[in-house]
Structure formats: structure tokens, C-alpha cells
Number of protein chains: 4
Amino acid sequence: MKQGVNSTPKDKKQAILDCALHLFVDQGFHATSTASIAKKSAVATGTLFHHFPSKQHLINQLFLNIKQEFAYAISQNRLMTNNIEHSANDLWQKAIDWAIENPYKQKFFLQFSLSAEIDQHTRQQAMNDILHFVVDLIKQGQQQGFIVDTPLDLLLENFHGQYLAAIRFFTDNPELGQNSLYRQASFKLVWQAIRAN
Amino acid sequence: MKQGVNSTPKDKKQAILDCALHLFVDQGFHATSTASIAKKSAVATGTLFHHFPSKQHLINQLFLNIKQEFAYAISQNRLMTNNIEHSANDLWQKAIDWAIENPYKQKFFLQFSLSAEIDQHTRQQAMNDILHFVVDLIKQGQQQGFIVDTPLDLLLENFHGQYLAAIRFFTDNPELGQNSLYRQASFKLVWQAIRAN
Amino acid sequence: MKQGVNSTPKDKKQAILDCALHLFVDQGFHATSTASIAKKSAVATGTLFHHFPSKQHLINQLFLNIKQEFAYAISQNRLMTNNIEHSANDLWQKAIDWAIENPYKQKFFLQFSLSAEIDQHTRQQAMNDILHFVVDLIKQGQQQGFIVDTPLDLLLENFHGQYLAAIRFFTDNPELGQNSLYRQASFKLVWQAIRAN
Amino acid sequence: MKQGVNSTPKDKKQAILDCALHLFVDQGFHATSTASIAKKSAVATGTLFHHFPSKQHLINQLFLNIKQEFAYAISQNRLMTNNIEHSANDLWQKAIDWAIENPYKQKFFLQFSLSAEIDQHTRQQAMNDILHFVVDLIKQGQQQGFIVDTPLDLLLENFHGQYLAAIRFFTDNPELGQNSLYRQASFKLVWQAIRAN
DNA sequence: CATGAATGAGAGTTCATTCAT
DNA sequence: GATGAATGAACTCTCATTCAT
């Protein structure tokens, strides 16, 4: 009936995911032992393997969870407009907001979304899902002549690179997150790069 | 007494570095055992530790070697001009050339220059050395009013992000390395982003 | 309240025994986890331990059940005669029949009746019970001069060895089970070995 | 130069094999941990895996070693004669001698030559090698009319069964190993079974 | 009776590093 | 300089068993 002090349902699985996030980010995947994750989660070693078939599955699950959280966050309350610059800015600012509010999850992305610890399949799917809005937006912008007519693959890679840089910057300097000079400058750089001229 | 067919002095040390480069890039640092490096180098396990006090020292040494090679490559035959755009483009293209010619060394940079396996000290020093030209160039450009008056730290991070993206793109698509459309577009994106307007 | 489609009382206990039989034979005792037995029996892990105090008890119980089944099978409809050869042949053929009809139970015997997984006590008792008829028969045959006057312990071990060989042969070649040439030859070999000459 | 008190070359590998033999026989394969083998061999855990890639490889190697030893032992000083009975008896007695002199190796055979811990390939090859003499002998005997005209597969299985029984008997009762009554009776049982009548 | 999350000791195996030769 | 057998701590993962529901 009542809920004990130190056990709510699904608590342990979530605790493992939470602790794994912090340890993986702080120490790296290989340098983090399953034993240390279990210990920090106040759980037996076997419990970790009861919920996740392997360390690999654990990090993949973590990746998918965070991806979904992020996708949900930036897709909420989207600005509805035909002005592509405004639309892109809206997404950009939402992504920065999320990164500032969830620094560990953001660092996790930065560290692992390009690394080999995550299944290539999972990784690419995540990229596609997350960049989906952006890809659509850029394509549409090119068709309408608002965005520079550069080969799309190069353009996307460039955009992605600028995105990672911005995120890294604000994650490393969270105190600048509310500084509208920096926030605006951040988007302006990208927009200058890709807008038609 | 005599020197065998496949062993001249310093040969073994270099063989170890070469094999380590490939294995670290293909499998990651932790997933590559010193035994496998020794085996691929056709050398005894003890020999590796004869030349490098530890696995950590080995990867740091590798990092420094590659850094110097790269720095040397892009500093050769610098274009002498007061036109900042031309000067920046010269560096940019030289960096892309090097990346295309040395894909494994480039991938090594991409993987490890942000990761924790390399001493932070070594890492930052390398960054500074390599970006040194660029930092100077950008500062100078801002002073002269050719480059946008955005906070320098944000600007550098952005520039770095675009650089990594370009390198990644051409390393992944080496066949486009000689395509001048892509080469020019690559630099144009950065320049549009950062030039004064 | 009501009884579900696939669960009548004692069903689950029997399902566990059945599945354990197959898994133990196919994979061995240690290589079969209680979890896998439970899963194959469509039962929770706890349920297994509700019916059997431990894995050891489970295999012992299985052993005893099969032993009783076998003993019952060969003791039914015994041929009543004073001719020892006929009497022995009757038992021999009944044992082969049972083995052919119950290959997994037979293989279980072959694998575990000499192995250390079963309590020595349980094992020996089973041996005695099963060979009981035979021991009596052979003793009686020796007294009456129909069976060779070889030390009894050696004779029994030899008889047992031939029995195991026959069973193994017909379990491995069930299609020869109805071949009377093989069936007769099988008994003839033993009888030639042990009859007085 | 000199040989230290507790280390002669190849010592450790052999020590591991010797200790593994005893532990596997006494406790079974799965119940024997690699740690316990290493400890009994006075060797570090890693040393075991330096010499044998896995526990499985270790037991297979052990099996092959013992097989060769046995094959060598019974093939030495074979009795040269055309009398099949004498020839078979010679082999039979040599096998019993070896079993008595090497009880642990013999028990290892008894326990593992039919079990699943050894690769099926290794197992069958061993059977063929060891029974090779016997198979040839029995075939030849059948052709010459000295051995009963029973299907060969059944005959061999029966012979094998009697062989295992004899070995088991003398391994369990080594004090009867020099008793010529038992020794002769042992062979007589087989011969009676299989000779032409 | 039945469940299945939780346990933690212990398994097999890996690997950076040492050192006698 | 070069070798590779030896080391043992640390790793990931398994599993028989328990117990609150």
C-alpha cells in the first residue's frame, strides 16, 4: 500500500539510467564500470543486468531516452510562420534552451552521438529524427530561394557543425545562456552563413 | 650485427605508432589492447613498453606527432597578403588538403581531440597551436572591420565547429576533395558567417 | 476462481519436470538455468522454487520419477518361467522397448545415472532397485549352473555395461528397434557372454 | 642458466594440465573454477589463460593429451600373431594395465568421453583412433569366421560397453588388478560374447 | 499458490604492465 | 634493445535463491 522511503515503482531502473548518464559523461563509457553504476544507484550488480541485458544495451537505451526527450522538447509550441528565418531561429533557441537546462544530457549527446559505443543504426536514426525539422526547413528554404544554393549534403554538415559548436559553447558557459547578445549572435552566424545572398 | 630486411633502427618505434594510429581510429582507445598493437606491429609486448612508458604516453605521443605534422603542413608556403579573406581561404584549403591526404590522422583528430583519453594539457596546447594562425587572423580582421563584431569566444567556437564539419565532410567524401564547387562552397559558408556585413 | 484453459492443479509442477527433463538432456545440468526451465514451463521463477526447494532437489525428484516409471514398465506382465534364458530375455526386451518409447528419459539415465549431479545415495538406490531383478536372476542362474561361474561383481558390471551399450544403441538408432535381427542379436551377445559353457 | 627451485620450463603449463585433470575428475567440469585450477597449480589466473585460450580449450587439450598417451601405451610391444583371440586379449590386458596405472586419466575418459564438455569432433576422433585397432581386428575376425556374424555397429557398441565396464571395474577395484582370475575372466566374458559359435 | 524484481557471490576472461633472459 | 611468460586486479555478466505482493 504505502510507498517505502527508498523504493517507488520503476525507481531502480530510472535510478540506473540517471546515474549511468552522469558517470558516462564524467568518465567515459569504458572507464565506467557496471559495478560503479550499480553502486551509485544503490542497487545490486545483478539488478542492473535484470533491467538491461548488457552495458551496451544500457547506453543505447539511455541514448534513445534522451533523444526522445529532446525531440519532444523542441517540437513543443513550434512557432507557426512562413518566415523561414524566424522558424529556424525558433528551433535554434529551443535547442539551446534545452541544452542549458539539461547540461548532462547535452554533454552525453556531444560525446556519444558521434562515437562508436552506440549502435550505428541507433545513432543514425537519432540524427535523422532530430535533424528532421531542420532538413525539411533547409530544403524548403532552398526551393523558395531564401537559403543559399550550396550542395545540400555540405550545407547540412556545416549546419550541424555550427549547431554542435553553439551547444558546446552554451553548455560550457551556461551563465551566458540568458545573455540575449550571445543568443542572438549565435543564430545570426548560422543564418549569415546559409541565407541566400 | 647486420640489419635485417625489415628492421632498421627506430623502425619498431615508428611501426608501433603507425599501427596504433589505425587501431585506435578503427576500434577506439580502450577497445585496442597493447597486445594487439604489438602483434600488428610484429613486435613483442615488452617492446612497446620499452619505447613508451604506458599506453597513455603512447597515445599522447601519437597526438603530438600528428599535430606537428599538421601544423607543419599548413604553415608551409603561406600566402602572403593583407587580404584577410584570401589568407583565411589559403589556410582553409591547406587544411582540407591535408585531411584528404591523411584520412587516418584526420580521423584520429576528430575522435580524440575532444575526448578524455588525451591529457587535457596536451589537448589544449595542440588546439592553441593549431588554431593560433586563425585566432590571430580573426582578431586582426575584427580590428580592421572585415570580420563581424561578435564576441570572440563565440566566434572561435563557431569557426572551429565549421572547420570540423568541413573536415568531416571531405574525409567522409574524399572523391569530392578535387571538386572545386564543393571546395569553394565550403569556405564560402564560413566566410559568409563571419565577415562583417 | 475458475481454472484457466491451460492450468489444472499439479499441471505446473509436472510442466516443470517435463521441461527440465528435456533441457537437462539437451544442455546438461549446469548449463541449464532454473530461469530457462521456468521460462520453457511458462511459469515464474519463483514458482519453480515453490515446488522444489532447490535445483538439486528438482533433478533428484526427476530421477526418482523416471526410475519408478521404468521399474513399473519392466515389471509389468513378467514372463513366468523357470527357464532363466527366457526370463532374462523377457526383461531385456522390455527394457529396450521402454528405452525406445521414452528416448529422453532414457538419455537422462544414460547421462546422469553415473554422474555426480545426482546424490550418490539416490543413484545407488536406483541402480539396486532396477538391477534387482537381474541380480536375483544371475545369482539364481549361477547356483543352478546355467550361468558362468565368474566372480559376481565382475559379472554384474559386465552385464550392466552391455545393457547400457544396448540401450544407447537402440536409443541412437530407434528405427532398428523393430528389427528382430538386431533385437535378437542384442540379447544373444549378452547371453553368450554369461551363460555357462 | 640454472634452474630455479620452483620453475622449470613448460612447468606451469603442465602443472595446470595435471591439476585440471584431478579437479575435473573429482568435482566435474562445471563445478571446477578456473581460479581453483590456477590456485592448485600455484599460478596466477592470467597464466592459465596465457596458455589456454579458454576453459573449454583446456579440457579439450587435456583430452587429446591423455588420448595420445593411451594410444601410445597400448600400441607399444603389440603381440604379433595371426590368432585373433590372442591378439585381442593382448590389447585388452594392455588397456587394463594402463587404466590401473593411470586411474585419474582413466576416470577422466570414463566421465568425459561421452559428455558434452568435449567438442564432438575431438570426441569422435578420439574414439576412432583408440578403437581403431579393435575395429580392424573385429572386422578381420568376422571375415575369417572367428567372430560372430552380428551387425558390426551393434557388435562394436557392445564391445565398447564391455570395455568400459571392465575399465570401470578395475579402476574402482585396483587391488584386483593383479588377480589373474579376474583379469582372465574379464577377457573371457567378451570373447565368449563375440566369438563365432 | 503464483509472481518476478531484487540480490550478491562468484564465474570466466582481459589486459596493462613487469622482468628475467 | 628486444623478448614473451607471468602477473593479478578489474571487468562484464550469470544464476540459484528470496520475498513482498
Side-chain angles (χ1 to χ4, degrees), chain A residues 1 4 7 9-13 16 30-39 42-58, chain B residues 4 7 9-13 30-39 42-58, chain C residues 4 7 9-13 30-39 42-58, chain D residues 1-2 4 7 9-13 30-39 42-58:
Chain A
M1 298 300 133
S7 71
K10 288 198 74 178
D11 240 11
K12 305 215 167 185
K13 187 170 184 178
I16 291 167
H30 280 104
T32 302
S33 70
T34 52
S36 72
I37 298 171
K39 191 171 186 183
V43 145
T45 60
T47 305
L48 190 154
F49 289 93
H50 179 68
H51 291 291
F52 307 94
S54 73
K55 197 185 174 187
Q56 286 286 345
H57 278 83
L58 170 57
Chain B
S7 70
K10 290 198 76 177
D11 241 14
K12 303 212 167 185
K13 186 170 183 178
H30 279 103
T32 301
S33 67
T34 51
S36 72
I37 298 171
K39 191 173 185 183
V43 145
T45 57
T47 305
L48 191 154
F49 287 90
H50 184 71
H51 290 291
F52 307 94
S54 75
K55 198 185 175 188
Q56 285 289 343
H57 279 83
L58 170 57
Chain C
S7 71
K10 289 199 79 175
D11 242 14
K12 302 209 169 185
K13 186 170 184 176
H30 279 102
T32 301
S33 67
T34 52
S36 72
I37 298 170
K39 191 173 185 182
V43 146
T45 58
T47 306
L48 189 153
F49 288 89
H50 184 73
H51 290 290
F52 306 94
S54 76
K55 197 183 174 189
Q56 285 289 344
H57 280 83
L58 169 57
Chain D
M1 298 300 131
K2 68 177 176 59
S7 72
K10 288 197 78 177
D11 239 12
K12 305 215 165 185
K13 186 169 185 178
H30 279 104
T32 301
S33 70
T34 52
S36 72
I37 298 171
K39 191 171 186 180
V43 144
T45 59
T47 305
L48 190 154
F49 288 93
H50 179 69
H51 291 291
F52 307 95
S54 74
K55 198 184 174 189
Q56 285 287 344
H57 279 82
L58 169 57

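Computed from heavy atoms alone, side chains included, the values below leave out hydrogens, waters and symmetry copies.
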Report summary line: Separation of E/dA11 atom P from D/Lys39 atom NZ, nearest Å, is 11 Å
**Report entry** Rounded distance (Å) that lies between atom C1' of F/dA16 and atom NZ of C/Lys55
**Finding:** 8 Å
**Report entry** Sugar-phosphate, base or nothing in reach of D/Thr32, heavy atoms under 4.0 Å
**Finding:** sugar-phosphate
**Report entry** Pairwise distance NE2(C/His30) to NZ(C/Lys55) - rounded to 0.5 angstrom
**Finding:** 6.0 Å
Query raised in the report: OP1 or OP2 of E/dA2 less than 4.0 angstrom from a side-chain nitrogen or oxygen of C/His51, does that happen here?
Result: yes
Requested in this report: Return the 5'-most residue of the pair A/His30, C/Gly46 with respect to DNA chain F, ranking by each residue's nearest nucleotide.
Outcome: A/His30
Report summary line: Atom NE2 of A/His57 and atom C1' of F/dC13 are separated, to the nearest Å, by 13 Å
Query raised in the report: Mind checking who E/dA11 pairs with, Watson-Crick or G-U wobble, both distances under 3.5 Å?
Result: F/dT12
Query raised in the report: What's the NE2-C1' distance between A/His50 and F/dT17, to the nearest Å?
Result: 14 Å
**Report entry** Given DNA chain E, 5'-ward residue of the pair B/Phe49 and D/Phe49, judged by closest heavy atom
**Finding:** D/Phe49
Query - Closest-nucleotide 5' rank along DNA chain E - winner of B/Pro53 and D/Pro53 - result: D/Pro53
Query raised in the report: Roughly, in whole Å, what's the span from CG in B/Leu48 to P in F/dG1?
Result: 13 Å
Query raised in the report: E/dC1 and F/dT21: how far apart are their P atoms, nearest whole angstrom?
Result: 23 Å
Query raised in the report: For F/dA2, what is the paired nucleotide under Watson-Crick or G-U wobble rules, both distances under 3.5 Å?
Result: E/dT21
Report task. Would you tell me whether A/His50 and A/Thr47 have side-chain atoms, one donor and one acceptor, within less than 3.5 Å of each other? Result -> no
Requested in this report: Could you check whether C/Thr34 gets within reach of a base, just the sugar-phosphate, or nothing at all, counting any heavy atom under 4.0 Å?
Outcome: base
Report task. Would you please confirm or rule out a distance under 4.0 Å between OP1 or OP2 of F/dT7 and any side-chain N or O of D/Thr47? Result -> yes
Report summary line: note: C/Phe52, atom CZ; E/dA2, atom C1'; distance rounded to Å ~ 15 Å
Query - Approximate separation, where rounding is to 0.5 Å, of C/Ser54 OG and C/His57 NE2 - result: 5.0 Å
Query - Phosphate-side-chain proximity, A/Lys12 and E/dT7, N/O vs OP1/OP2 below 4.0 Å - result: yes
Query - Donor-acceptor pair (no angle test) under 3.5 Å: C/Thr45 side chain, E/dA5 base - result: yes
Report summary line: So CG of A/Leu58 and OG1 of A/Thr34: to nearest 0.5 Å the spacing works out to 9.5 Å
Requested in this report: Report the distance from atom CD of C/Gln56 to atom P of F/dC15, rounded to the nearest whole Å.
Outcome: 16 Å
